[in-house]
Amino acid sequence: QVQLVESGGGLVQAGGSLRLSCAASGSIFIINVMGWHRQAPGKQRELVATITSGGKTRYADSVKGRFTISRDNAKNTVLLQMNSLKPEDTAVYYCYTEVRQTIVAVTTAYWGQGTQVTVSS
């Protein structure tokens with residue numbers, strides 16, 4: 001089993017910054033993809049940013065130029081630096097990983113419990 005522990009959410013004024021962190025632990029051979037999704041009230045969950053084990057990144061158009069994703073493969077952690085935050089960034093942010101638990105295992109997706117980010121105007 002794999003556990004994800006998120007931290008770093010909170011309340012910030014528009015234009016401010018927050019940094020989210022997610023640490024994966026448990027039975028892990030390799031983590032192919034780490035990333036963040038978010039879900040605002042009344043809306044579907046959407047991709048925010050992902051990063052592969054090789055460092056390739058992908059961002060939602062709405063956060064490009066403001067958010068930066070990074071990871072530490074040795075520590076199985078992923079960070080999301082969020083700058084120039086807007087009220088529309090308010091959502092529950094979920095850590096996401098694609099994990100292979102052994103060299104022959106299939107890749108399985110795991111989700112964190114979510115952390116609230118609230119941006120006031």
Side-chain angles (χ1 to χ4, degrees):
Q1 193 60 277
V2 175
Q3 297 79 39
L4 302 178
V5 177
E6 302 155 332
S7 62
L11 173 64
V12 65
Q13 288 188 331
S17 298
L18 284 174
R19 188 175 74 168
L20 304 183
S21 175
C22 175
S25 62
S27 179
I28 298 170
F29 173 68
I30 189 171
I31 302 178
N32 294 324
V33 177
M34 302 189 81
W36 296 89
H37 289 62
R38 68 187 180 187
Q39 187 166 18
K43 295 187 177 181
Q44 289 189 329
R45 190 173 296 189
E46 63 175 0
L47 180 146
V48 176
T50 60
I51 183 168
T52 68
S53 57
K56 183 176 180 180
T57 58
R58 176 186 176 190
Y59 293 94
D61 288 342
S62 59
V63 307
K64 284 180 180 177
R66 301 187 297 121
F67 291 11
T68 302
I69 190 169
S70 60
R71 66 186 279 178
D72 184 331
N73 291 330
K75 296 181 179 179
N76 290 331
T77 58
V78 60
L79 301 176
L80 184 68
Q81 178 66 42
M82 305 184 293
N83 298 328
S84 302
L85 282 160
K86 304 175 181 180
E88 50 264 45
D89 294 318
T90 296
V92 177
Y93 284 69
Y94 296 91
C95 180
Y96 169 81
T97 64
E98 295 179 4
V99 178
R100 286 174 61 195
Q101 293 186 271
T102 70
I103 193 170
V104 297
V106 298
T107 299
T108 303
Y110 291 89
W111 293 88
Q113 78 283 1
T115 184
Q116 178 70 46
V117 171
T118 303
V119 184
S120 63
S121 57

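Side chains included, hydrogens not; waters and symmetry mates left out as well; all remaining heavy atoms used.
- For the atom pair CG of Leu80 and CE of Met34, the computed distance is 12.0 Å after rounding to the nearest 0.5 Å.
- Linking ILVMFWY residues whenever their side-chain heavy atoms come closer than 4.5 Å, directly or via other members, leaves Leu79 and Val33 in distinct clusters.
- Across all non-hydrogen atoms, the minimal contact from Ser17 to Ser84 is OG-N, 4.4 Å.
- Remark: side-chain polar atoms of Tyr59 are paired, donor with acceptor, to backbone N or O of Ile69 under 3.5 angstrom.
- Hydrophobic cluster membership is shared by Val119 and Leu18, with clusters built from Ile, Leu, Val, Met, Phe, Trp and Tyr side chains linked at under 4.5 angstrom.
- No continuous path of hydrophobic side-chain contacts links Tyr94 to Val48 [ILVMFWY only; heavy atoms under 4.5 Å].
- Scanning both residues, Ala14 and Pro87, for their nearest heavy atoms gives CB-CD, 4.1 Å.
- Looking at Gln116 and Thr90, their side chains come closer than 4.5 Å, going by heavy atoms from C-beta outward.
- The closest side-chain heavy-atom distance from Arg71 to Ile31 is below 4.5 Å.
- Ring-plane geometry between His37 and Trp111 is classed as perpendicular, the angle between the planes exceeding 60 degrees on a 0 to 90 degree scale with a lower cut at 30.
- With a 4.5 Å cut-off on side-chain heavy atoms, Asn83 and Gln81 count as touching.
- Without hydrogens or angle criteria, Gln101 side chain to Ser27 main chain gives a donor-acceptor distance under 3.5 Å.
- Looking only at side-chain heavy atoms (C-beta outward), Val63 and Arg38 come within less than 4.5 Å of each other.
- With respect to Asp89 and Lys86, no salt bridge is recorded, no charged nitrogen being found less than 4.0 Å from a carboxylate O.
- Leu4 CG to Thr97 OG1: the interatomic distance, rounded to the nearest 0.5 Å, is 4.5 Å.
- Note that the OG1 atom of Thr77 and the CG atom of Asp72 stand 4.5 Å from one another [nearest 0.5 Å].
- In this structure a side-chain-to-backbone donor-acceptor pair under 3.5 Å is present from Glu6 to Gly114.
- Taking the side chain as every heavy atom from C-beta outward, Cys95 and Val78 approach each other to under 4.5 Å.
- Side-chain contact between Leu85 and Phe67 is present, with at least one heavy-atom pair separated by less than 4.5 Å.
- No continuous path of hydrophobic side-chain contacts links Ile30 to Val2 [ILVMFWY only; heavy atoms under 4.5 Å].
- To the nearest 0.5 Å, the span separating OH on Tyr93 from OG1 on Thr115 amounts to 10.5 Å.
- Contact check for Thr57 versus Ile51: side-chain heavy atoms found under the 4.5 Å cut-off.
- The CD1 atom of Ile28 sits 10.5 Å away from atom CD of Gln1, with the distance rounded to the nearest 0.5 Å.
- For Ser53 and Asn32, the side-chain atoms include no donor-acceptor pair closer than 3.5 Å.
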